[in-house]
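Throughout, protein chains are lettered first and strands after them, A, B, ... in sequence-line order, and every chain is numbered starting at 1.
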Amino acid sequence: MKAFFRIYSEYRALIKTLVSRELKARYRGSILGFLWSFLNPLLLLVVYTVVFGFILRPRDPAFAGNPFNYALFLFSGLLPWVWFSACVLEATTLILINGNILKKVMFPAEVLPIVSVTANFIHFLFGVPILLVFEIALGHPITPYVLLSPLVMLVQYTFSLGLSLLLSALSANFRDLQHLMANIVTLWFFATPIIYPMSFGVIQQHRWLKAILYLNPMTHIIEGYQRAFYYGSMIPYKRLGVTFILSLILLWLGYWVFDRLRDTFVEEA
Amino acid sequence: MKAVILKDVTKYYRRFTSRRKFQTLKSAILERNLFAHLSPKEIVKAVDGVSLEIEKGETFGIIGENGSGKSTLLKLIAGITKPTSGTIQVNGKVSALIELGAGFHPEISGRENIYINGIMLGLSKKEIDEKIDEIIKFAELEDFIDMPVKAYSSGMYMRLGFSVAINVNPDILLVDEVLAVGDASFVQKGLEKIKEMKRAGKTIVFVTHALDLTQKICHRVAWMKKGKVMMVGEPKEVVDRYLMDALGKESSAELKATSTDRWGNREIEIKEVWLENLQGKRTTHFDYGEGMRIIMKVEAKSRQEDFVFGVGIFNSEGVNVYGTNTHLEYFKPKAIDGEATVIFEIPALHLINGTYTVDVAVHREDGFAYDYIKNALKFRVHSLSREVGIWRPPHEWRFEGGVKIEPPRRKD
C-alpha cells in the first residue's frame with residue numbers, strides 16, 4: 001500500500017501530464033473547446049430541471065413545490081455522480097484502451113486508474129462553480145457548510161480509486177465485467193438518493209428501504225454533497241467517516257488485486 | 001562491467017483459443033498468475049532458458065526468424081514484461097525504441113505530445129524544455145509541431161517518436177526494427193545517431209532483420225531460434241550460421257514454384273531441376289572454387305524447333321551475378337521432342353561467401369516463355385572470410401620492397 005502512495009510522488013510529472021492530456025484532448029477540436037466542461041453540466045441541469053422539476057413535479061415538501069429548488073437539489077447530487085460513474089465505466093476499459101502504452105513503455109499501470117479518477121475529479125470541480133452561481137442566481141442561501149464539501153470529495157476520491165483499481169484489474173482478464181458494470185451503474189444510480197431525497201416519504205416509512213440505501217456507500221457521499229450544497233446543514237460525518245474507512249479498505253483490496261494481476265495486463269490488453 | 005545480465009530467463013505466453021479455458025477468478029487472483037493449471041499445449045515459450053551477458057558499451061545484435069523471441073527478449077530487458085522464471089539485471093537507464101510514439105494522443109499537438117512521451121520515457125519536464133528544439137529539429141517537423149498529431153503522416157509520426165526516444169539519452173538503448181521506418185535519408189540520420197551513441201560508449205541492443213547492418217555496427221550478435229539462443233559471437237560467423245540454418249530448411253523442401261514466380265505455357269516443361277557437384281552428388285552447399293552443375297530435366301509435349309535454355313544466378317540482395325542462355329552463346333536450336341536433360345556446368349565457383357538463387361528457363365528466341373522459374377534453386381558458397389562484393393577472383397598477394405607483413409594464420 002505504501003508502494004501505491006509512493007507512485008503519487010514518484011510519478012507526479014507523468015500523472016500530471018496524463019491528466020492534462022485527458023482534459024486537453026477531451027474537447028480538442030470542438031469550437032467551444034474547454035467551455036464544454038462548463039456547458040455539459042449546465043445542459044444536464046436544464047434537462048433534469050425540465051423533466052423532473054416541471055414535468056414530473058416533485059411532491060416532496062422539501063422542495064416547497066418549487067421546480068428550481070428541486071433542480072438545485074438534483075444538481076448537487078448529480079454532479080458528483082457523473083464523476084463517479086465516469087470512473088467506474090472508464091475503469092472497465094482502462095487497461096484495454098491503454099494496452100498500447102503498457103506494451104511499449106515501462107511505467108506502473110496503477111498510474112492509469114489514478115489518472116482516470118483524477119481527471120474526472122478535476123472535471124467535476126469545473127461543475128461546482130456552476131452550481132454555486134445558480135444557487136446565487138436563484139436566491140438559494142449558500143452556507144459555510146459548503147466548506148466541508150472537500151472532505152466529502154476526499155471520501156469519494158478514495159472510494160472511486162479503490163473501485164477503479166479493482167475493476168480495471170479484473171476487467172482486463174474478465175471482459176464481461178465491462179458490459180455488466182454498464183448495467184450495474186444504471187441500477188446503482190437509482191439506488192442512490194440523487195433524483196429523490198432521503199426524506200422521501202416512502203423511504204422514511206419503510207425501515208428496510210432505508211437500510212438498503214444505507215448499505216450503499218454512495219448514499220452517504222451524495223448526501224454529504226446535498227447537505228453541504230443544498231440543505232446547508234452538517235454533513236453526515238459519522239456515516240461518512242465509516243464510508244471513508246471502508247473506502248480505504250477497498251483501496252487496499254483494489255490495489256492488492258491490481259498488483260497480483262498486473263503481470264497479465266500486457267498480455268491481455 | 002555488465003550492462004545486462006540475463007540468467008536462465010523464460011517467458012511463457014498463453015495461447016489464445018476461441019474457447020478460453022479459464023480458471024476461476026479466485027484462483028487467478030490468489031495464485032498471481034493465470035498459467036497455473038494450463039496444460040503445456042496452451043502455453044507458448046516465447047523465450048526459453050536464455051542466459052546472456054551484455055557488456056557495457058557493447059553494441060549487441062539479436063537476429064532470428066520472425067517469432068523466434070527476439071522482440072520478447074527486448075521487452076524483457078526493457079522491463080515491459082516480466083519473465084515467467086529467471087532473473088534479469090539491468091545496470092543503467094534504459095530507453096526502448098520498441099514502438100515509437102507510444103502514448104501519443106492524436107488530438108493534441110506534436111509539441112505537447114513530446115512532453116507526454118518524454119515524461120513517459122523518463123525525462124523530466126526541465127530536461128524536455130532543454131531538448132525540445134533539438135527533438136523537433138531532428139524529427140524535421142519545425143513547420144508541423146503545433147499541429148495535432150492526427151494530421152501527421154505515418155512517417156512524421158515515426159520521426160517524432162524516434163526523435164523523442166533517441167533524445168532520452170539512455171545508458172542502454174534497445175532498438176527493435178525501428179530503423180525500418182522513414183525515408184532513406186531519415187534512416188541514415190537515425191543510424192548516424194545510433195553510431196554516435198555507440199561512440200559515446202552507450203550499450204545498444206539491436207533486434208533486426210537487416211543482417212548486413214548487424215555486421216556493420218555490432219560487436220557481437222546472438223542468433224535466436226524458437227526462443228532459444230543458438231549462438232552468440234562475432235557478427236559474420238553468427239549471421240553465416242543463421243543463414244545456413246535458414247537455407248537448410250529451404251533446401252530440404254521440394255521445389256515448389258508458385259504461380260507468381262513461375263510462368264510459361266509449358267509446351268516445354270522443366271520437370272525437375274537440381275544442383276550437384278562435379279562428383280554427381282546432389283547438394284546445395286559448395287566450397288569456394290568447387291565445381292557446380294545445374295541440371296534441368298525437361299519435357300517437350302510436342303516437337304519444337306524454337307527454344308532457348310537459360311540460367312540466371314542472383315545473390316541474396318537480388319543482384320544478378322550472372323545470366324546467360326543458349327541463344328546469347330550462339331547455340332542454334334534444331335529440335336526437341338520428349339524428354340531431355342540440360343546440364344550447365346561451372347568448373348569452379350569464384351563467388352564470395354553467401355547465399356545465391358538460381359532462375360532457370362526455357363523460352364523462344366523472341367522471349368516467349370515455355371517455362372520460366374524464378375528462384376528455382378538456392379545454394380550457398382562457403383569461403384573463408386569476410387571479403388565483400390560478389391566475385392572472388394583467384395588471386396594472391398605479393399609484397400616487395402620495404403614492407404614487413406606476417407602471412408595469415410589460417411583460421412579454420
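- Around NZ of B:K228, the count of heavy atoms belonging to other residues, nucleotides or ligands within 6.0 Å does not exceed 12.
- For a residue to count as touching a neighbouring chain, one of its non-hydrogen atoms must lie under 4.5 Å from one of that chain's; by this rule B:S109 touches chain A with the backbone only.
- Annotation: A:F126, atom CZ; neighbour count of heavy atoms from other residues, nucleotides and ligands within 6.0 Å is above 12.
- For B:K82, the part lying under 4.5 angstrom from a heavy atom of chain A is the side chain only.
- Annotation for B:K193: atom NZ counts as buried by contact number, over 12 foreign heavy atoms lying within 6.0 Å.
- Contact annotation for residues 4-23 of chain A against chain B (heavy-atom separation below 4.5 Å, listed by residue number): A:A13, A:L14, A:T17, A:L18, A:R21.
- Shown here are the side chain to side chain contact (heavy atoms under 4.5 Å, CB included) partners of A:S171, two or more places apart in sequence or in another chain: A:T92, A:L177.
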